[in-house]
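Take a look at the structure below.
Naming convention: chains lettered A, B, ... in sequence-line order (proteins, then strands); numbering from 1 in each chain.
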Protein chains: 2
Amino acid sequence: MDIKTTCLGVLMLGAASGYEIRKSFEEGPFSHFAEGGFGSIYPALTKMTQEGLVTCTAHQQEKRPAKKVYQITDAGWTHLETAMRDKIPGEDKIKSDLLFMLFFADWQSPERIARVIDARIAFYQQKLDEMADCGTQFDTISGRSLVLGYGIAVFQASLDYLVANREAFIEVAGQAQPPLLHAAE
Amino acid sequence: MDIKTTCLGVLMLGAASGYEIRKSFEEGPFSHFAEGGFGSIYPALTKMTQEGLVTCTAHQQEKRPAKKVYQITDAGWTHLETAMRDKIPGEDKIKSDLLFMLFFADWQSPERIARVIDARIAFYQQKLDEMADCGTQFDTISGRSLVLGYGIAVFQASLDYLVANREAFIEVAGQAQPPLLHAAE
DNA sequence: CCAAGTTATATCAAACCGATATATTTATTC
DNA sequence: GAATAAATATATCGGTTTGATATAACTTGG
């Protein structure tokens, strides 16, 4: 799913500016399964306007730069529908600097391991609170509410694992010396 | 964590070829938290050889192209250590075409929803089997074994949620018509 | 004995990311 | 009440990454 299609998905919930689309990826209803920064969103919106997948209306504001509000068109909906149909979606793509770091916990200091785990525990607790709040707005079950539930389930599992294994991670930390590469081989 | 650093991490487990590094990302011990294709791995290895972060030994084979085996150097280890130290790691980056699609389940056919969910359930079951096997090789607890456990916990939560909500997803499917955009606004 | 899959490296255009620049309003702190 | 920080808002650009493609020989199963 490329950035264009992802933006169209956000616009299905209502007209929005580039800035608002970005927020959807960072803290909104798409935040636990989509990514995208300004550097990809703005060019995508410009190109889609040219292609007729969205329309752009400039809302003049007194002294701020004009807010450009984008709205999905019928052609945009067709594009979105085509992208979602037929093909079985591929594996989720996950990049985790935390897990990469914890993989090598043995070579790091217990203090550092404790710090990064505690930070992540706090993050998940806050995120889960926000998501629970967000869930109260649904009175009927929908794809949207079920996908939110999925995110909550996965984040909760991550949080639980970190809480349950915090001590174990700290215990393995510092147990290995920085490797003597030539000796090891 | 850029592709260079990620490759160095793989090489910490032992010397490997570009092809083997790729396999680590696709099915090996890094597969649930790292990504990278040939198009990024080969250039990264070439550049790191020039920079002295890895050494390259060509293992001549009779009629195949020479297998280039890369080994991390002391400078490489220093680079890896520096990248992992100090900074609190940022949020995990997750891109899920499945969740994007399920978000709009209401507009899709129940048959399609059933098909994609069943495919993902089968995928997680197989992956979890493999990971459980992989776990038996650890006789002591380490960063590596704990990170594997993390992956298992998260994948299990995903699987459980899909199994528990398969019927709910299918029920919401087809309940909405393709939106009449102009009428809606 | 043939098709399909695995091992193995390599390139390239297109897409994407992260950092940076700019400018005003709103909120918070001293 | 002034100063500082944070939020709103668009935009660009260099560097990195992705995904597709090419090549070639060996291995495995039917």
Here the distance between atom P of dA8(C) and atom CD of E26(B), to the nearest Å, is 15 Å
note: E35(A), atom CD; dT16(D), atom C1'; distance rounded to Å ~ 16 Å
Using modelled atom types and a 3.5 Å cut-off, is there a donor and acceptor pairing between side-chain atoms of Q175(B) and backbone atoms of S142(A)? no
Can you find a side chain N or O atom of Y42(B) that sits less than 4.0 Å from OP1 or OP2 on dT9(C)? yes
Under a 4.0 Å threshold between the charged nitrogen and the carboxylate oxygen, would D97(A) count as salt-bridged to K93(B)? no
What contact category does K4(B) fall into here, base, sugar-phosphate, or nothing, at under 4.0 angstrom with non-hydrogen atoms? nothing
M84(A) backbone acceptor or donor facing R112(B) side chain under 3.5 Å: yes
Round to a whole Å and report the spacing from CZ of F38(A) to C1' of dA7(D). 11 Å
Nucleotide dT17(D), atom P - distance to NZ of K95(B) in whole Å: 13 Å
Under 4.0 angstrom between S17(B) side-chain N/O and dA8(C) OP1 or OP2: no
Find the distance I41(A):CD1 to dT12(D):P and express it as a whole number of Å. 15 Å
Electrostatic pair E26(A):R22(A) at N-O distance under 4.0 angstrom: yes
Short side-chain N/O contact to dT8(D) OP1/OP2 from Y19(A), under 4.0 Å: yes
With a 4.0 Å cut-off on heavy atoms, is G39(B) in touch with a base, just the backbone sugar-phosphate, or nothing at all? base
Output the single nucleotide from dT10(D), dA8(C), dC17(C) whose closest atom is nearest the side chain of K67(A). dT10(D)
How would you label the contact of K93(B) with the nucleic acid (heavy atoms, under 4.0 Å): base, sugar-phosphate, or nothing? sugar-phosphate
Does dA10(C) have its OP1 or OP2 closer than 4.0 Å to a side-chain nitrogen or oxygen of K68(B)? yes
